[in-house]
Amino acid sequence: MASVPDTEVRKTPLYDLHTSLGARMVPFAGYAMPVQYPAGIIAEHNATRGAAGLFDVSHMGQAILRGEDPAASFERLVPGDISGLTTGRMRYTLLLNDAGGIRDDLMVTRIEENGVPALFLVVNAACKDADFAHISAQLASDVELQILGDSALLALQGPKAEAALGELAPECRELVFMQGAEMTVNGAPAYVTRSGYTGEDGFEISLPNDAVAGLAQRLLDHPDVMPVGLGARDSLRLEAGLCLYGHDIDETTSPIEAGLAWAVGKRRRETADFPGAETILRHLNEGPDRKRVGIRPDGRAPVREGAEIRDGGGGQVGVITSGGFGPTIGGPVAMGYVDSAAAVAGTTLNIELRGRTVAAKVADLPFVPANYKRAS
């Protein structure tokens, strides 16, 4: 049942579909979004791990960079090797501030338009207006940013995603993890990437706003596909050990503190020509003072963002940045930052939870192994 006043938030092209399916709608990043459907968060989570879940991610920002060498221009803002991408390959990267903090995390895919290289960007919903203003201001004069305000985005995630989407677009079967291609899906032109943010195999499908409801309904007609809301999306990405911007990473965290050193390209480490390079390379070479870690609390009660992490002597060594119940794990899971000396798997810690202390241990990430389809 919809509960968000029309005047306060924006709607994605799937708003009417969500409400017709009985979704509980909540305001999120300026949009009315489904947090769960009648089946509930655990059922949606388990459906994604075991079959396929369909997510509306149309609130995220989509844009194309085109012009004279857009990859070189974009590298002014991020630490990834964007120039090294070949057509159809994508990369997770980070918009950085001058102190080496993370302005946002995003996906970049190299595409071609009439044989001319361009970049397809997908950024977080809450950051997209600031991201696009920042990118536009920093580009070379011969590169332009086109914001795709008329494109929706679906994510189909889970081990049966390929079978479901393959009935409508057989070419999707040829893609491997972090690869994309143009194809016709349910009669509409689409750009499909084999990617997602759940730790499962799956796809993200960008297509025109006026075609997305038809595709969503067609996918939901498949017996293995269930609609999934924000609640299960969060538990899935938490079990997968993936950062949530504004919680696990923000402008005060460096990629190395966040365990994202792999997002700093080898060539870029040598050229050191990205924002905050001095700080980031120092963290890389000497080690940061704090690190993001996985945490397994004892018992069944989840620990939440902001809870203090203490060592055996009672001294605070960190703070929880994400926490919840992991349905696949069958217990609470969390992530947080701790002093580097405490960031060793198996280290015993205490979490201050609503006036009581919960014992916990540092755990390796991810909590649930990734299930991506990689090149053989």
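Computation of the quantities below employed the complete heavy-atom set of this structure, encompassing side-chain atoms and omitting hydrogens, waters and symmetry-equivalent molecules.
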**Asked** Between the side chain of Glu200 and the main-chain N/O of Ala370, is any donor-acceptor distance below 3.5 Å?
**Response** no
**Asked** Any sub-3.5 Å donor-acceptor pair from Ser20's side-chain atoms to Leu17's backbone N or O?
**Response** yes
**Asked** Within the side chain of Tyr197, is there an N or O that forms a donor-acceptor pair under 3.5 Å with the backbone of Cys243?
**Response** yes
**Asked** Between Ser340 and Pro288, is there a donor-acceptor pair closer than 3.5 Å when you use the side chain of the first and the backbone of the second?
**Response** yes
**Message:** Under a 3.5 Å threshold, yes or no: a donor from one side chain and an acceptor from the other, between Glu305 and Thr321?
**Reply:** no
**Short N-O contact, Arg103 and Asp131, less than 4.0 angstrom** = no
**Message:** Can you confirm whether the side chains of Asn350 and Asp311 place a donor and an acceptor under 3.5 Å from each other?
**Reply:** no
**Prompt:** Got Pro34 and Gln36 here, is their nearest side-chain heavy-atom distance under 4.5 Å?
**Reply:** no
**hydrophobic_cluster_shared for Val57 and Leu236, side chain cutoff 4.5 Å** = yes
**Asked** So, do Asn124 and Met60 sit near enough that their side-chain heavy atoms are less than 4.5 Å apart?
**Response** yes
**Between CD1 on residue Ile329 and OG on residue Ser235, distance to nearest 0.5 Å** = 11.5 Å
**Item:** Any donor-acceptor N or O pair under 3.5 Å, side chains Thr357, Glu352
**Value:** yes
**Prompt:** Tyr191, Leu54: one ILVMFWY side-chain cluster at the under-4.5 Å cut-off?
**Reply:** no
**Message:** Test your reading of the model: is there a side-chain donor-acceptor pair from Glu239 to the backbone of Pro366, 3.5 Å cut-off?
**Reply:** no
**Message:** Using a strict threshold of under 4.0 Å (side-chain N to carboxylate O), is an ion pair present between Glu162 and Lys373?
**Reply:** yes
**Item:** Validation row: Tyr245, Cys127 side chains within 4.5 angstrom (heavy atoms)
**Value:** yes
**Message:** For Asp201 and Asn371, which I'm curious about, is there any donor-acceptor pair between the side chains at under 3.5 Å?
**Reply:** no
**Asked** Charged N to carboxylate O under 4.0 angstrom, Glu75 versus Arg267?
**Response** yes
**Asked** Are any non-hydrogen side-chain atoms of Pro227 and Phe55 less than 4.5 angstrom apart?
**Response** no
**Item:** Within 6.0 Å of CZ in Arg218, more than 12 heavy atoms from elsewhere
**Value:** no
**Request:** Evaluate the criterion side chain to side chain contact (heavy atoms under 4.5 Å, CB included) for residue pair Arg91 and Thr109; output intermediate values, then yes/no.
**Result:** CA-CA 6 Å; Arg91 185 154 286 155; Thr109 308; over 6 Å; no
**Item:** Separation of Met178 CE from Met107 CE (nearest 0.5 Å)
**Value:** 3.0 Å
**Request:** Calculate, to the nearest 0.5 Å, the distance between atoms CG and CD belonging to Leu219 and Gln217 respectively.
**Result:** 9.5 Å
**Item:** Intermediate values then yes/no, side chain to side chain contact (heavy atoms under 4.5 Å, CB included), Val9 and Tyr31
**Value:** CA-CA 5 Å; Val9 293; Tyr31 285 82; 5.5 Å; no
**Item:** Leu220-Leu154 co-clustered via ILVMFWY side chain contacts under 4.5 Å
**Value:** yes
**Asked** Checking Ser73 side chain against Ala140 main chain: does a donor-acceptor pair fall under 3.5 Å?
**Response** yes
**Prompt:** Considering only heavy atoms from C-beta outward, does the side chain of His18 approach that of Thr12 to under 4.5 Å?
**Reply:** yes
**Where at least one partner belongs to residues 169-184, residue pairs that pass side chain to side chain donor-acceptor pair (under 3.5 Å), sequence neighbours excluded** = none
**Request:** Determine, step by step, whether Lys266 and Asp81 satisfy the salt bridge (charged side-chain N to carboxylate O under 4.0 Å, His left out) criterion, reporting the C-alpha distance in whole Å, the side-chain angles of both residues, the deciding distance to 0.1 Å, and the verdict.
**Result:** CA-CA 8 Å; Lys266 180 180 178 181; Asp81 183 359; over 6 Å; no
**Asked** Does one side chain, of Gln62 or Ser151, offer a donor that lies under 3.5 Å from an acceptor on the other?
**Response** no
**Donor-acceptor under 3.5 Å (Asn97 side chain, Glu251 main chain)** = yes
**Request:** Cation-pi check, Arg290 to Tyr337: give yes when NZ or CZ is under 6.0 Å from the six-membered ring centre and within 45° of the ring axis, no otherwise.
**Result:** yes
**Message:** Do Thr193 and Leu175 have side chains that approach each other closer than 4.5 Å (heavy atoms only, starting at C-beta)?
**Reply:** no
**Prompt:** Do any pairs count as a ring-ring contact (aromatic ring centres under 6.0 Å, His included) and have a residue in residues 268-294, sequence neighbours left out, and if so which ones?
**Reply:** none
**Message:** In this structure, would Met335 and Ile295 fall into the same cluster of hydrophobic residues linked by side-chain contacts under 4.5 Å?
**Reply:** no
**Asked** Quick one: does Tyr37's side chain have a donor or acceptor within less than 3.5 Å of a partner on Glu44's backbone?
**Response** no
**Prompt:** Run the side chain to side chain contact (heavy atoms under 4.5 Å, CB included) check on Met33 and Asp56 step by step: do they pass?
**Reply:** CA-CA 8 Å; Met33 298 297 293; Asp56 178 13; 4.3 Å; yes
**Item:** N-O pairing of Arg310 and Glu308 below 4.0 Å
**Value:** yes
**Request:** Inspect the surroundings of CD in Glu68 and state if more than 12 heavy atoms from other residues, nucleotides or ligands are less than 6.0 Å away.
**Result:** no
**Fill in**
Rounded to the nearest 0.5 angstrom, the CG-CD distance for Leu281 and Glu278 is 9.0 Å
**Asked** Going by side-chain heavy atoms closer than 4.5 Å, which hydrophobic residues are tied to Val123, directly or by a chain of links?
**Response** Leu65, Phe74, Leu77, Val78, Ile82, Leu85, Leu95, Leu106, Val108, Leu119, Leu121, Phe132, Ile135, Leu139, Val143, Leu145, Ile147
**Request:** Would you give the length of the straight line joining atom CG of Leu14 to atom CG of Leu215, rounded to the nearest 0.5 angstrom?
**Result:** 9.0 Å
**Message:** Tell me whether Glu204 is salt-bridged to Arg194, with the criterion being a basic N under 4.0 Å from an acidic carboxylate O.
**Reply:** no
**Prompt:** Can you get from Trp262 to Leu365 by hopping between Ile, Leu, Val, Met, Phe, Trp and Tyr side chains that sit under 4.5 Å apart?
**Reply:** no
**Flag side-chain contact, heavy atom, 4.5 Å: Leu284 against Arg269** = yes
**Asked** Hey, are Arg237 and Asp248 close enough for a salt bridge, meaning a charged N less than 4.0 Å from a carboxylate O?
**Response** yes
**Whether Arg24 side chain and Val35 backbone form a donor-acceptor pair below 3.5 Å** = no
**Prompt:** Within the distance-only criterion (no hydrogens, no angle test), does the side chain of Asp224 pair as donor or acceptor with the backbone N or O of Ala164 below 3.5 angstrom?
**Reply:** no
**Prompt:** Step by step, would you call Asp250 with Ile102 a side chain to side chain contact (heavy atoms under 4.5 Å, CB included)?
**Reply:** CA-CA 5 Å; Asp250 58 28; Ile102 301 170; over 6 Å; no
